[in-house]
Amino acid sequence: MRKPLSIRSRLLFAACALNLCTPALAGANPAAEAQALDLLKHAIAFRTVQGTGNQTPQFAAYLKQSLVAGGFAAEDITITPVDDTAFLVARYRGSDPTLKPLLLSGHMDVVEAKPADWQRDPFTPVIENGYIYGRGATDMKFGDALMVATLVDLKRQHFTPRRDVILVLSGDEETIMKTTQMLAAQFPDAYMLLNADSGGGSLREDGKPQYFVLEGAEKAYADYTLTITNPGGHSSAPRRENAIYQLAAVLTRIGNHQFTPQLNDITKAYFLAAANRAEPKTGAAMRAFANDPTDKQAIETLSADPAHVGKIGTTCVATMLNGGHALNALPQRATANINCRIFPGTSFKQVEDELVRVADEPRMQIHFIDTGTTASPPSPMRADVTAAVRAGLDVAYKGTPIIPSMGSGASDSMWFRVRGVPSYGVAPIFLKDSDDFSHGLNERTHLFNIAPGVAYWTTVIKRLAD
C-alpha cells in the first residue's frame, strides 16, 4: 500500500497546484507548519461568538496551554475575563527591557454562524480539496494559528529578540471592542503593532499572486438611526403625512448623495501603485484621482466600482428598515439604520450633520449609535516595516508588489493608533476574490498559506524585534 502523504507534502502539493510552489516553500519549517494546522483546527472548534455559550475564554486557555508547552513561562501569559469573553497577552521576553515592545495583534472571537445555513457545520473544521472550512477559517483564526505557531517555533530555535514581542489577542473585535480598548490602554507606548487581521495578498483566479496590501490606515465605523413619527390613524383615511413615505424620501436623498471625495498620502500611494494592475479605464481614473481628487470623471468611474468607492471618501448606506405597527393602520413610526464608513480626519459629528442636511426633513430625528469604535489617524508608512514585509514575502512570493492601503472597515488597530502607536495590517494570507467568505457562509481559506505564512512571520518578527 502506498504510504499516505505527510501534512507537509499535502501543503506543498496544494501550493504547487495553485502555481505557488517555489524552492523557498520547500525550505520552510515542517514542525511549525504542522502545529499551525493543528492549532487552526482546534481554534475553529471553539464557538467564540458573543452571548450565551461564548467559548472565547476556553479558546484563550487552549492557546495559553499551547504556548506554555512551547516554552513560554506561564507567568508571561495572562488571560483577563471581560463580561462573557476574555483577552490574552503573551510576552516573549527580549534581551533589552528598556526598549518598547513589538505587538502582534489578532482577535479570538468570530461573527455568528447558523449551522442550518451552512453546507458544513461552521464550528467543525473540515478540510476538502486543500481548503479548510469553518467560521474563522479566514477571519481570523488562521492568523492566530500562524502567529502562535511561529512564536513557539522561535522558542524552539532559542531566538532572543532585543525588544519584547507581545501577542495581544482581543475577545470582542467583532462586536463592541471593549477588550481591545483595554489592551490599547495597557500598551500605550508600544514600538508598533502588527495586525494579522488586515492587509494581505491578492491572487488572480488562476492562483498567481497579484500584489500585497500593507494597511496603514482605516476608516471609522458608525451607525445612525433615522426616525420619523406621526400620529397615525385608520388606513381607510390616508393623510399626506405618512412616516413611511417621508422616511423613504429621506433615504432616497441620502442614497443619491456623495460625500466630498478625499485623499491622503496612503490612498494616493495606493491608487498610483494599483493603477498599473487595473483595467485601463479604472487605472486611468485612479491616476487622475490621485493627482486631482476633484476630477469629476475619475470620481464617477471609481464611485461606480464597489471595490474602490470606499477608498475615495466617506460612504453611508441604508442597511436596515422598520416601519408601521399594523396592516390596517397608518404608520406611527418608521426607522432606518444608516451605516457609515468614515474617512480619516472626518468626525462622527460632521457626518451626522451632513446626513441631517441631506435628509432635509425637520420631523426626522437622528441618533448616533455608540458601537465602541473611534476615528483614528493614518500611521506613517515606515521604511523598516515595508522592508520587513518585503523580506517576509520574498520567502515565497518574491517580487510581489507591496501596495500601501487604507481599510474600508474597522479593526483593533484603530484603538492603538489613537494612542499614538503606529499600527499596520500585515496578514500573510493570500486569497482569490472568489475565495473570500469572511463573515459569510461556508468561510474557507486554502491551506497553501500555512508554509509561507510561518516563514513570513519568522522573518518579519526577527527583523522588527531586533
Side-chain angles (χ1 to χ4, degrees), residues 60 63 67 72-73 75-80 82 86-108 140 143-144 146-148 150-151 154 159-173 177-199 214-218 266 344 372-389 392 404 407 410-428 456-466:
L63 292 177
L67 288 163
F72 278 73
E75 58 268 25
D76 284 340
I77 305 170
T78 61
I79 298 172
T80 304
V82 180
F87 65 85
L88 179 145
V89 174
R91 185 181 295 268
Y92 193 129
R93 295 193 178 274
S95 61
D96 188 347
T98 66
L99 295 177
K100 295 181 177 181
L102 171 68
L103 305 182
L104 308 182
S105 170
H107 63 87
M108 298 177 287
M140 61 152 294
D144 295 339
L146 287 177
M147 289 190 293
V148 171
T150 302
L151 291 173
L154 289 172
F159 168 70
T160 301
R162 286 187 62 216
R163 66 180 75 247
D164 286 1
V165 178
I166 304 177
L167 178 67
V168 291
L169 299 181
S170 63
D172 54 0
E173 190 272 348
M177 293 186 167
K178 185 175 180 179
T179 62
T180 313
Q181 295 178 59
M182 296 171 71
L183 282 167
Q186 188 172 336
F187 300 104
D189 297 320
Y191 176 57
M192 71 173 69
L193 178 139
L194 303 179
N195 193 344
D197 188 33
S198 57
L214 174 58
E215 187 175 291
E218 59 190 32
I266 290 177
T373 62
T374 187
S376 62
S379 297
M381 298 307 291
R382 294 169 43 157
D384 57 344
V385 176
T386 302
V389 170
S411 77
D412 285 341
S413 290
M414 64 182 172
W415 290 108
F416 291 87
R417 286 195 183 106
V418 297
R419 290 181 175 271
V421 177
S423 302
Y424 304 95
V426 296
Y456 167 94
W457 274 120
T458 301
T459 302
V460 170
I461 291 170
K462 284 184 174 181
R463 282 192 168 234
L464 294 177
D466 272 355

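By convention here, the first residue in the shown sequence is residue 1.
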[atom1]-[atom2] distance between [X] and [Y], expressed to the nearest 0.5 angstrom:
X	Y	atom1	atom2	value
Thr80	Leu88	OG1	CG	8.5 Å
Leu103	Phe187	CG	CZ	6.5 Å
Leu169	Ser105	CG	OG	7.5 Å
Phe416	Gln181	CZ	CD	10.5 Å
Asp144	Leu104	CG	CG	11.0 Å
Leu464	Met192	CG	CE	5.0 Å

Where do [X] and [Y] come nearest, in terms of heavy atoms and distance?
X	Y	result
Val421	Pro188	CG2-O, 3.4 Å
Arg163	Pro101	CD-C, 4.3 Å
Ser379	Arg417	OG-NE, 3.0 Å
Gly392	Thr459	N-CG2, 3.7 Å
Val385	Leu214	CG1-CD1, 4.3 Å
Glu215	Gly199	OE1-N, 4.0 Å

Quiz prompt | Stepwise side-chain contact (heavy atoms from CB on, under 4.5 Å) check, Phe87 with Thr180 | solution = CA-CA 8 Å; Phe87 65 85; Thr180 313; over 6 Å; no
Between [X] and [Y], is there a donor-acceptor pair closer than 3.5 Å when you use the side chain of the first and the backbone of the second?
X	Y	result
Thr150	Thr458	no
Arg91	Asp164	no
Tyr424	Ser198	no
Tyr456	Val426	yes

Quiz item: Among all residues two or more places apart in sequence or in another chain, which pass the salt bridge (charged side-chain N to carboxylate O under 4.0 Å, His left out) test with Arg93?
Solution: Asp76
Practice problem: Could you list the residues that satisfy salt bridge (charged side-chain N to carboxylate O under 4.0 Å, His left out) with Arg463, not counting sequence neighbours? | Solution: none
Quiz item: Between Asp172 and Lys178, is the closest basic N to carboxylate O distance under 4.0 Å?
Solution: no
Contact between [X] and [Y] at the side-chain level, heavy atoms closer than 4.5 Å - yes or no?
X	Y	result
Thr374	Met177	no
Phe159	Asp466	yes
Ser423	Asn195	no
Met108	Leu63	yes

Exercise. Take Ser411 and Asp197, measure what side chain to side chain donor-acceptor pair (under 3.5 Å) needs, and give me the verdict at the end.
Key: CA-CA 7 Å; Ser411 77; Asp197 188 33; 5.3 Å; no
Practice problem: Could I get the full list of side-chain hydrogen bond (donor to acceptor under 3.5 Å, both in side chains) partners for Ser170, not counting sequence neighbours? | Solution: Asp412
Exercise. Check the pair Glu173, Met140 against side-chain contact (heavy atoms from CB on, under 4.5 Å), reporting the backbone distance first and the verdict last.
Key: CA-CA 11 Å; Glu173 190 272 348; Met140 61 152 294; over 6 Å; no
Self-check item: Test log, rule side-chain contact (heavy atoms from CB on, under 4.5 Å), inputs Leu151 and Trp457
Solution: CA-CA 9 Å; Leu151 291 173; Trp457 274 120; over 6 Å; no
Exercise. Could you walk me through whether Leu102 and Tyr92 pass the side-chain contact (heavy atoms from CB on, under 4.5 Å) test, one step at a time?
Key: CA-CA 10 Å; Leu102 171 68; Tyr92 193 129; over 6 Å; no
